[in-house]
Structures are given as C-alpha cells and as structure tokens.
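In what follows, a single structure is set out as structure tokens and then discussed.
Throughout, protein chains are lettered first and strands after them, A, B, ... in sequence-line order, and every chain is numbered starting at 1. Just so it is clear, the values below take in all heavy atoms, side chains as well, and ignore hydrogens, waters and symmetry mates.
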Amino acid sequence: MISSLRAARPLHIARSRPVLLLGLLVCLVLLGFAMMASIAFGSADIAPADVWAALVAYDPSSMEHLIIRTLRLPRAVIAALVGASLAVAGALMQGLTRNPLADPHILGIENGASLGVVTAVFFLNISSLRMYALYAFSGAAVTAMAVYALGSLGRGGPTPLKITVAGAIFTALLTSLTTGILILNQRTLEEVRFWLAGSVAGRDLSLLLQVAPYLLVGLVLALALGRQITTISLGDDVARGLGQRTGWVKGLVAIATVLLAGGAVAVAGPIGFVGLVIPHITRFLVGQDYRWILPYATLVGAIFLVLCDVLARLVLSSFELPVGIVTALVGGPVFVYLVRWRVKR
Amino acid sequence: MITRPWLVVRPRRLPISFRVDRRVPLVLLCALLVTLAAMVINIGVGEYPVAPLDVIRTVLGLPTGNPTDVLIVNTLRLPRMLVAALVGLGLGTAGAILQGLTRNPLAEPAILGISSGAGLVAVTLIVVVRNVPASVISVSTFTGALLITGLIYVLAWRGGDSPIRLVLVGVGLSSMAAALISVMITFGDINDVQRALVWLTGSVYGSTWSEVWSLLPWTIVFVPLAILLARDLNALSLGEEVARGLGSKIMLRRGLLLVTAVALTATTVAAAGTIGFVGLVAPHVARRLVGSDQSGLLPTAGILGTLIVVLADLVGRTIFAPIELPCGLVTAAIGAPFFLFLLYQQRHT
C-alpha cells in the first residue's frame with residue numbers, strides 16, 4: 001500500500017558532486033542573509049550600522065545593542081536551529097517509513113508535546129516557557145517511545161506500516177485528550193493557545209542553551225546516518241540483503257528524530273508543515289540520496305523558518321503572528337505548486 | 001494459491017452479480033445485531049431512563065403505559081441517535097473508499113482535506129461572524145467542504161487525475177486551512193473559541209429530526225452507490241495499471257467513487273462537525289473481519305462506523321453526566337486504545 005505512494009517522488013535526479021556542493025554553499029550564504037534580515041528587522045527601528053556594531057563590537061550600555069544581542073540574535077539562531085531540526089526530523093521519518101506523508105507528527109511527537117504542556121498547565125499551573133519546554137520534551141519523548149514500541153510488537157520488528165498506524169492512532173488519542181482538557185477548562189485554553197500555534201517569539205538565550213545540545217546531537221547523528229537511510233528507504237529486504245543491520249539503524253533514526261523534533265517542539269511549540277514540506281522540496285532539488293537530502297534539508301529548513309519568522313513579525317504591524325501559522329500559509333502554496341508540476345503520475 | 005471460500009450471488013433476472021467473502025454475511029449480521037442493541041441502549045440511557053423493551057415499543061408506535069416516553073424517545077433521543085448512526089455510516093464508508101482509492105492506510109476524510117474546508121467555514125462563522133444559527137453553519141460547512149474538494153481536484157488535475165496528487169494537494173490545502181483556524185483560535189474571544197473547539201471535535205448534541213431528514217437522502221443514494229462500485233474499487237486498489245488492464249474505466253469510476261466519498265463526508269460534517277478517527281478505524285477493523293475484498297469491506301466498514309459513533313455518543317453523554325463530552329472526543333479516546341488492542345492481538349495470533 002505504501003510502496004505505491006513512493007511513486008509520488010520524482011524520478012532520480014542525478015546531479016554531479018560539484019554542483020551539489022556548490023548548492024550547499026549557496027544555501028549557506030542564503031541562510032546568512034536570512035539571519036541578517038531577521039536580526040535587522042523588528043518593531044524597534046535600528047540602523048544597519050548599529051546592527052553590525054552590536055554584533056562585532058558589543059556595547060552593553062547601548063539600548064540598541066542590548067535589543068540585538070539579547071532579543072534578536074537568540075531569536076534568529078533559535079529559528080534557524082528549530083527549522084533545521086524539524087526539516088531533518090521529517091526527512092528521517094519519510095525515509096524510515098517510506099511514506100511521503102510522514103513527518104514528526106507520525107511518531108506522535110507534536111501531539112505528545114502539546115498534551116504534556118496542556119496537562120502541566122491544567123494540573124500544575126505552570127506558566128514559564130522554561131517549564132513548557134521541559135514538559136513538552138517529556139511528552140514528546142514518552143509518546144515517541146510508546147509509538148515506536150507499539151510499532152515494533154510482533155513479527156518483523158518495527159515495520160513502516162506498523163509504526164505509521166500506531167503513530168496515527170496515538171496522534172488521534174492525544175489530540176482528543178488535549179482538546180478535552182481545553183474544552184472543559186477555559187483557563188488552560190487561555191494560557192496555552194498562543195503556545196499551541198507555535199512561535200519563536202520571546203525565547204531567550206538560556207532556553208536556547210537548554211535545548212541546543214539535544215538538537216545538535218540529533219543533527220550530527222542524522223547527518224552521519226545518511227547512507228544507511230538511503231539504503232533503508234529502498235525497503236527492508238533490500239537493506240538487509242545489502243548487509244545492513246536494519247534494527248540498529250531504525251533505532252538510531254528514531255532516537256535522532258526524537259532529539260530533533262522533541263527539542264524543536266520544546267523551544268517553539270508545535271510548528272507544523274516544516275517537517276512535511278521541506279524534505280519534499282529538498283528531494284525535488286537533489287533527488288533520492290539521503291547523504292545529500294539531509295544536509296540540504298538542514299539548510300533549507302533553517303532558511304525557511306528564519307524567513308517565516310521575519311514575515312510573522314512584519315506582516316501585521318499591530319501584533320505578531322505565531323510563526324507556525326506563517327509556515328503553513330507560505331509553505332502551503334509552494335507545496336501545492338510543487339505537487340502540481342513535479343508529481344507526474 | 002489460496003482458495004477463498006467465495007459466495008457468489010448472481011440473480012437470474014437482474015444484470016448484476018456479486019461475489020463476496022463467505023465470512024461477510026455472518027459478520028454483517030452480527031455487526032448489525034450489536035449495532036441495533038447499541039442503538040436501543042443509547043436511546044434508553046439518560047437522565048430519564050427508559051427500559052429497552054419500552055424503547056422498542058415506543059419507536060414502533062406501540063403504547064408503553066408511560067406517555068412521557070413518546071416525548072423522550074421520539075422527540076429528543078431518537079433523532080440524535082439516528083444522526084449519530086447516519087454520521088457513522090457515512091464516515092465508515094467514506095473512509096473505506098478513500099483508503100482503497102489512495103491505497104494509503106492513513107487516508108481518511110480529514111487527510112483529503114474534505115473536512116478542513118468545512119472546519120475553516122465553521123470556525124470563521126463561530127469566532128469571527130459570531131451568533132450564527134446552527135442551520136446556517138450546517139449549510140455553509142457543506143458548501144465549504146464541496147468547495148475545497150473542488151479546489152483540490154482542480155489543482156491536482158493536470159491532463160488527468162492522480163490519487164497521489166490529490167492526497168498531496170489535499171495535505172497542502174488542509175494545512176493552510178488549519179493555519180487560518182489556528183489564527184482565529186489564538187486571537188478570538190475565549191468563549192467563541194471553546195464553542196469552535198467543540199464543533200471541531202464533532203458532536204451530535206441537540207440534533208433534531210431536521211438533521212435526520214437532511215442526512216437521510218444523501219445516505220440513501222451514496223452508500224448503495226458505493227457498494228455497487230465496490231468491484232471497481234477492488235480493481236483500482238490494485239493499482240492503476242492493473243485496473244486499466246482489467247478494463248475498468250478508471251477516470252469515470254474513480255471520479256464517481258470520489259464524489260461518493262466527498263458527498264458522504266460533507267453531509268456528516270455539516271450535521272455533526274469533524275468527528276475524527278471513525279473514517280480511519282472502521283475500515284481497518286472491517287478489513288480484519290472480512291478481508292480486503294471491497295464488496296464485503298464497504299458495508300462492514302459502514303456498519304462498524306455506525307456502531308462506533310452510536311457508542312461514542314452514549315459514552316460521551318453518560319460518563320461525566322451532567323457534563324457532556326462531544327462524541328468526537330470519545331471516538332478517539334475510547335476508539336484508539338481499542339484499535340491498539342486489536343492490532344496487538346493480530347500480531348500475537
């Protein structure tokens with residue numbers, strides 16, 4: 001059933017190594033520009049010269065420098081890291097489950113995080129972003145482990161189909177419990193509804209430092225697994241035939257996914273769409289080889305979320321949109337366009 | 001080769017023939033009996049309990065010796081139960097069609113984006129326009145569901161249709177709709193937002209006979225149509241090449257099946273909001289019971305969907321009475337563990 005959907009992917013695009021490396025370099029430069037834009041634009045007008053000075057010659061007594069260093073710089077870095085993590089986590093899940101609709105959602109990660117935060121607000125009255133991050137990550141990790149364990153029961157270990165179905169069921173269950181609490185308790189709804197839309201606003205350096213290790217370990221692990229994921233995305237039998245110990249690879253991929261998506265959702269709340277769409281866009285760019293998909297997904301995901309965050313701040317002058325909304329509104333049309341022109345069958 | 005004990009129905013006078021798995025009649029009969037029992041219990045239980053036998057007598061129009069039974073049963077509880085049943089029937093059937101068409105076990109009405117358009121319309125009416133009567137919401141959501149499906153079809157059309165493009169375009173559009181819904185939920189008035197959440201979860205609260213009458217014609221037309229098209233669905237679910245090789249007029253039949261799924265989903269969403277999980281689970285359970293032959297699968301999934309929603313409504317009304325949980329919440333909260341249990345069992349036998 002799932003194999004038929006693999007046809008959704010375009011045919012293999014063979015590009016030469018130098019072209020791909022050059023592409024990575026271009027993406028890196030673009031990311032630099034995006035982050036500069038993210039630091040330069042904001043509700044306080046700060047001259048480009050001051051922005052530059054704040055970065056290279058920090059003067060703690062200047063208000064402008066303070067804004068740049070403590071608010072905008074961490075925010076840009078967080079947006080880039082979160083975007084990269086979500087995109088890579090999505091690519092990992094799509095490779096592992098061989099289902100183009102898979103994203104961190106499929107392990108129940110976002111919904112687990114949401115339920116973690118909502119129950120914590122409901123029962124324990126927490127209200128700081130730091131505590132949110134803690135409960136979000138715990139919820140995400142517990143859910144992902146439960147889904148993975150359930151998907152591994154029985155003969156054949158963790159097959160893509162079983163993981164996918166177990167994930168879908170868990171997602172439905174968790175969503176319903178979360179909504180149940182929100183319907184019955186207005187205070188909780190009031191408290192968490194902005195967080196639930198997903199945003200990188202108001203996150204400071206300490207929160208970043210709290211989560212960055214998880215994200216970085218996850219990224220390194222994922223990038224190191226590129227070759228194995230390419231093999232496993234051809235099918236379990238093929239991978240086993242080529243001498244791969246599929247159980248180990250699947251376990252490591254799952255760990256990387258949890259670290260990346262769990263960490264991302266802990267900082268920024270559930271930001272949808274990045275994990276689903278960026279891997280597709282990346283695949284349209286570089287083909288089926290995960291050794292290239294993963295680094296490209298890292299950069300493209302980072303660029304995408306940083307730019308969306310800039311838009312979220314600028315689009316309405318009176319107040320700020322949660323970035324999770326902007327990702328969907330910007331990414332949706334791009335995705336539809338790509339599907340329309342690139343999916344041949 | 002595995003020989004399946006097929007049951008062939010070929011009436012001499014009529015130009016139709018059916019071939020179903022031998023398990024189907026028995027399973028259907030059992031499911032039907034259980035569902036009828038659940039319906040009677042659903043009507044009987046509540047703040048004012050009515051004995052099961054009295055429920056049956058009242059529905060059949062026989063006197064029970066208690067005149068209030070007629071009001072309680074026929075005016076208050078029967079229409080609500082019927083709406084739940086029809087909604088379940090529609091969702092189960094639509095889910096089975098969509099899983100067969102897209103050959104994706106995760107396909108359900110929500111994933112094709114059918115209910116997302118309806119959700120967007122409903123939340124806009126509840127949160128932004130405010131104080132809109134239920135009948136207007138129901139008509140508008142129906143229109144919204146049809147519009148977004150049309151849009152998905154147009155965007156996915158490129159010199160021909162393709163289930164894969166349909167699913168992916170559906171994902172794109174429904175996440176945009178979800179984003180707009182999320183804007184309204186984040187910034188709307190908190191009371192309206194709560195009402196919108198109840199709608200999004202799906203509830204048959206306050207259903208009357210007018211909802212029953214608006215659901216019934218669609219169900220009567222499209223559920224049998226789906227079963228008539230089951231053979232084509234069989235061919236299509238083997239893959240496009242196979243279907244073409246078997247002589248199925250792919251585009252026409254796929255279009256008809258899609259229209260059926262959309263019509264059933266749109267009517268259920270208009271009547272009860274977006275009840276999740278039923279369209280996903282009912283076909284899976286049905287496949288376990290009767291195998292993947294669509295002519296047996298479709299009716300079984302339909303009846304199981306009915307059973308799930310009727311039971312969910314019963315549980316939602318009674319478990320925390322007098323607080324009422326929307327039945328869409330219960331379908332997932334009870335349905336999910338049950339489904340997991342089924343999967344677990346399957347793996348150990």
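- Between atom CD of residue A:E190 and atom CD of residue B:Q194 there is a gap of 9.5 Å, rounded to the nearest 0.5 Å.
- Residue contact with chain B, scored on non-hydrogen atoms closer than 4.5 Å, is absent for A:Y337.
- Of the residues considered (A:V334, A:T179, A:L177), A:T179 shows the highest number of contacts with chain B, using heavy-atom pairs under 4.5 Å.
- Within the structure, salt bridge (charged side-chain N to carboxylate O under 4.0 Å, His left out) pairs that include any residue of residues 322-332 of chain B comprise B:R80-B:E324 (at least two apart or interchain).
- Between the CG atom of B:L200 and the OG1 atom of A:T175 there is a distance of 12.0 Å, given to the nearest 0.5 Å.
- Listed options B:T331, B:V169, B:V281 were ranked by heavy-atom pairs under 4.5 angstrom with chain A; first place goes to B:V169.
- By the side-chain hydrogen bond (donor to acceptor under 3.5 Å, both in side chains) test, B:Y153 is found to be paired with B:D161, residues two or more places apart in sequence or in another chain being considered.
- Atom CG in B:L197 sits 11.0 Å away from atom OG1 in A:T178 (nearest 0.5 Å).
- Considering every non-hydrogen atom in both A:F273 and B:V171, the closest pair reads CE1-O, 4.4 Å.
- Closest of all the heavy-atom pairs between B:P337 and A:L173 is CD-CD1, 4.1 Å.
- Using a 4.5 Å cut-off between heavy atoms, B:I181 makes no contact with chain A at all.
- Atom CD1 of B:I185 sits about 9.0 Å away from atom CG of A:L196, to the nearest 0.5 Å.
- In B:F187, the CZ atom is crowded: over 12 heavy atoms of neighbouring residues, nucleotides or ligands sit closer than 6.0 Å.
- No part of B:F320 comes within reach of chain A, as not one of its non-hydrogen atoms sits under 4.5 angstrom from that chain.
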**OP:** Go through the steps to decide whether A:Q186 and B:N191 satisfy the test side chain to side chain contact (heavy atoms under 4.5 Å, CB included), and finish with yes or no.
**Re:** CA-CA 8 Å; A:Q186 205 171 62; B:N191 293 309; 2.7 Å; yes
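- For B:T201, the part lying under 4.5 angstrom from a heavy atom of chain A is the side chain only.
- Proximity to chain B involves both the backbone and the side chain of A:F194, based on heavy atoms less than 4.5 angstrom apart.
- In this structure the side chain of B:L180 reaches within 4.5 angstrom of the side chain of A:L329, judged on heavy atoms.
- The nearest pair of heavy atoms linking A:V336 to B:G172 is CG2-CA, 4.2 Å.
- Taking each heavy atom of A:A172 and B:A332 in turn, the nearest pair found is O-CB, 3.5 Å.
- In this structure a side-chain-to-backbone donor-acceptor pair under 3.5 Å is present from A:R193 to B:G188.
- In this structure, chain A has a heavy atom under 4.5 Å from the side chain of B:L325, while its backbone stays farther away.
- Note that the CZ atom of A:F335 and the CG atom of B:L173 stand 10.0 Å from one another [nearest 0.5 Å].
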